[in-house]
Amino acid sequence: MWLLSWVPGQGTGQHDHGRSSGVLTVLEGTLTERTERATRALTGGAQRVFAPGYVHEVVNDTLEPAVSLHVYFPGLTEMPMHAAPYCEGRAVTA
Ligand SMILES: [Fe+2]
């Protein structure tokens with residue numbers, strides 16, 4: 001389980017979670033999640049659930065800090081980075 005704080009502009013880069021499944025919950029502020037299919041604004045209380053192989057990027061692109069809780073099973077042991085062709089200007093809103 002990870003409790004993360006995000007300063008404005010802070011992000012993960014595009015990555016997956018190895019063989020872990022996970023749940024991301026935004027506790028405070030707003031985070032943006034970008035995937036190949038969509039860009040989503042996640043506000044307080046929003047959750048994303050994902051299986052192994054799920055690729056995304058999470059960034060705080062607001063001017064306020066954010067806090068999120070991440071739970072992984074099995075425990076996260078790797079976070080391979082991916083090239084990010086869809087994270088450079090092509091926004092798809094879901
Ligand atoms: Fe992630």
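Side chains are part of it too, since the values below use all heavy atoms of this structure and drop only hydrogens, waters and symmetry mates. When a ligand or atom number is given, it counts from 1 through the structure's own listing order.
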Chemist: Running the 4.5 Å side-chain criterion over Ile, Leu, Val, Met, Phe, Trp and Tyr, what cluster does V71 land in, apart from itself?
Modeler: M1, L3, L27, V67, L69

Chemist: Around the Fe ion (ligand 1), what protein N, O or S atoms are found below 2.8 Å?
Modeler: H15 NE2, H17 NE2, H56 NE2

Chemist: For the residue pair T25 and Q47, confirm or rule out a side-chain donor-acceptor distance under 3.5 Å.
Modeler: yes

Chemist: Tell me every residue that passes side-chain hydrogen bond (donor to acceptor under 3.5 Å, both in side chains) with T32, counting only those two or more places apart in sequence or in another chain.
Modeler: D61

Chemist: Applying salt bridge (charged side-chain N to carboxylate O under 4.0 Å, His left out) as the test, list every pair that has at least one member in residues 8-31; sequence neighbours left out.
Modeler: none

Chemist: Kindly state whether the ring of H17 and the ring of H70 have centres lying under 6.0 angstrom apart.
Modeler: no

Chemist: Sub-3.5 Å donor-acceptor pair from the side chain of S20 to the main-chain atoms of F73, do we have one?
Modeler: no

